[in-house]
Protein chains: 2
Amino acid sequence: MDEIDRTIVNLLRADGRTSYAELARRVGLTAPSVQDRVVKLERNGVIAGYTAVVDSEAIGLGITALIGIIPDNSADHLDICERLRAIPQIESCYFLAGVECYQLKVRVPKMADLEQLIHRVGAIPGVAQTRTTITLSTKWEDRPQPIPSDGDDHGVD
Amino acid sequence: MDEIDRTIVNLLRADGRTSYAELARRVGLTAPSVQDRVVKLERNGVIAGYTAVVDSEAIGLGITALIGIIPDNSADHLDICERLRAIPQIESCYFLAGVECYQLKVRVPKMADLEQLIHRVGAIPGVAQTRTTITLSTKWEDRPQPIPSDGDDHGVD
DNA sequence: TCATGTAGTGGACGAGATCGACCGGACCAT
DNA sequence: ATGGTCCGGTCGATCTCGTCCACTACATGA
């Protein structure tokens, strides 16, 4: 994970379809060696994959909400987690240090779908209470920040 | 936005580097017509871009936190938003319906950076209070859900 | 009936991806 | 010092892919 790797990762975060040839020109290497580095970054888990960034409103998922979950004492977190994962509308799921020990980011087409979703989450065994907040607007989302160059490889070779 | 477009978008969300030739094979068209569709999806804003999915821990951003902002009465939201945007560690920013009218998702290398960040956000004029929650683990994040096929193009041609 | 617009096909050509062979410096043990 | 080995890179050949353009099929509407 040297300076060149960081540059490659930053370029691929800015445009995930950048060709190896273009990356090579940017970092001053040839295409095969850039490809070699990218393959290694993928194998090491630094690059987990590539995805198209889609406007959720344009595909009919106009409503975004955050749902906090307060568990009861009997909560089996493996089970809760599994049941949450089975709900496709939950795009993100964080385990938090706080009373609300999960926060979900969900997207649905209509308010009725959100209501149904809240009921479904609330019905999961071990969930004592949920607290839902509608997002009025998304100012920005998943903006890549520059990779810190503190030299440490953080355990990933 | 027909069934083929939805398939293309789903394929590109699953792997943003899928070639036009491969997409063409999957949807039963030729590469040029698939490219034509993708270009239109990009122009219409359905596909906003492409990005590499990076493991934040592997690049030294091991700490994720959620920061809620409670504004005071004098809050100038355009100004707040602009100042928040200038902080690179804030990866996402939602405007919410609630007492905490913003929620930020931030990533930093170390706790000391988080502390500094909280002070910086708290010092923004119009911010009365912040409430920070550390994420102990990310169960999953930005999982793409199938595009609802309700036929409506949602105003985007 | 005939223009017109839309979406797709097929071919051609340049660019990119990918593989194997080779090169040179760093490191290590003899 | 010498030679072996590993690592990362380059070079060249080949195959695939991207991209442009001309042509076709089909639905729409005057």
Side-chain angles (χ1 to χ4, degrees), chain A residues 1-55 58-60 144 147-157, chain B residues 1-55 58-60 146-157:
Chain A
M1 196 64 184
D2 58 3
E3 193 52 43
I4 292 181
D5 279 341
R6 271 190 293 275
T7 306
I8 290 174
V9 171
N10 283 331
L11 289 169
L12 283 174
R13 285 218 281 186
D15 179 4
R17 282 180 84 84
T18 311
S19 69
Y20 293 134
E22 177 64 22
L23 293 174
R25 281 188 287 269
R26 300 289 191 88
V27 302
L29 292 177
T30 57
S33 43
V34 166
Q35 188 188 23
D36 188 53
R37 281 171 176 267
V38 171
V39 167
K40 280 174 188 164
L41 288 167
E42 289 169 358
R43 255 206 308 262
N44 294 339
V46 176
I47 296 178
Y50 305 88
T51 187
V53 181
V54 169
D55 177 3
I59 59 171
I147 298 175
S149 57
D150 56 7
D152 185 355
D153 67 1
H154 308 280
V156 180
D157 177 32
Chain B
M1 195 65 184
D2 58 4
E3 193 51 44
I4 292 180
D5 279 341
R6 270 190 292 276
T7 306
I8 291 173
V9 171
N10 283 330
L11 289 169
L12 284 174
R13 285 218 281 185
D15 180 5
R17 281 181 83 84
T18 310
S19 68
Y20 293 133
E22 178 63 22
L23 293 174
R25 281 189 286 269
R26 300 289 191 89
V27 302
L29 291 176
T30 57
S33 41
V34 166
Q35 186 188 24
D36 187 52
R37 281 170 177 267
V38 171
V39 167
K40 280 175 189 165
L41 287 167
E42 289 168 0
R43 255 206 309 262
N44 295 338
V46 176
I47 296 177
Y50 305 89
T51 186
V53 180
V54 169
D55 177 3
I59 59 171
I147 299 174
S149 57
D150 57 5
D152 186 354
D153 68 2
H154 309 279
V156 180
D157 178 29

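A note on names: the letters A, B, ... follow the listed sequences, proteins ahead of strands, and every chain is numbered from 1.
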J.: Check whether more than 12 heavy atoms from other residues, nucleotides or ligands sit under 6.0 Å from atom CZ of B/Arg17, and answer yes or no.
T.: yes
J.: If you check the B/Arg37 side chain, which of C/dA17, D/dG9, C/dG8 turns out closest?
T.: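 Per side-chain heavy atoms of B/Arg37, the pick is C/dG8.
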J.: Quick check: on DNA chain D, is the nucleotide nearest A/Arg17 upstream (toward 5') of the one nearest A/Ala31, or the reverse? Name the residue that is more 5'.
T.: A/Ala31
J.: Answer yes or no: does a side-chain N or O of B/Thr30 lie under 4.0 Å from OP1 or OP2 of C/dG8?
T.: no
J.: Measure from the side chain of A/Arg25, starting at C-beta and using heavy atoms only, and say which of C/dG16, D/dT10, D/dG9 lies closest.
T.: C/dG16
J.: Kindly point out which of D/dG18, D/dC11, C/dT9 is positioned nearest to the side chain of B/Leu29?
T.: C/dT9
J.: To the nearest angstrom, how far is A/Leu23 atom CG from D/dG9 atom P?
T.: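 Taking CG of A/Leu23 and P of D/dG9, I get 14 Å after rounding.
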J.: Expressed as a whole number of angstroms, how long is the span from A/Lys40:NZ to D/dG8:C1'?
T.: 7 Å
J.: With DNA chain D as reference, determine whether B/Thr18 or A/Gly28 sits nearer its 5' end, using the nearest nucleotide of each.
T.: A/Gly28
J.: Between D/dG8 atom C1' and A/Ile8 atom CD1, what is the distance in whole Å?
T.: 12 Å
J.: Starting at CD of A/Gln35 and ending at P of C/dC19, how long is that distance when rounded to a whole Å?
T.: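 Taking CD of A/Gln35 and P of C/dC19, I get 7 Å after rounding.
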J.: Can you confirm whether B/Glu22 sits close enough to B/Asp15 that some side-chain heavy atom of one is under 4.5 Å from a side-chain heavy atom of the other?
T.: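 A side-chain contact under 4.5 Å is absent here.
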J.: Quick one, B/Ile59 and A/Met1 - any side-chain contact, counting heavy atoms below 4.5 Å?
T.: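 Side-chain contact under 4.5 Å: yes.
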J.: State which of C/dA7, C/dG10, C/dA17 makes the closest approach to the side chain of A/Ala21.
T.: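 Comparing C/dA7, C/dG10, C/dA17 against the side chain of A/Ala21, the answer is C/dA17.
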J.: For the pair made of OH in A/Tyr20 and P in D/dT16, what is the distance, rounded to whole Å?
T.: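 After rounding, the gap between these two atoms is 18 Å.
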J.: To the nearest angstrom, how far is B/Asp36 atom CG from C/dG5 atom P?
T.: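 So the two atoms are 16 Å apart, to the nearest Å.
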J.: Walk me through whether B/Val27 and B/Arg37 qualify under side chain to side chain contact (heavy atoms under 4.5 Å, CB included).
T.: CA-CA 12 Å; B/Val27 302; B/Arg37 281 170 177 267; over 6 Å; no
J.: Rounded to the nearest Å, what distance is computed from the CG atom of residue B/Leu41 to the C1' atom of nucleotide C/dA7?
T.: 14 Å
J.: In this structure, how many angstroms lie between the C1' atom of D/dG8 and the CG atom of A/Asp5, rounded?
T.: 12 Å
J.: Any non-hydrogen side-chain atom of A/Leu23 less than 4.5 Å from a side-chain atom of A/Leu12?
T.: yes
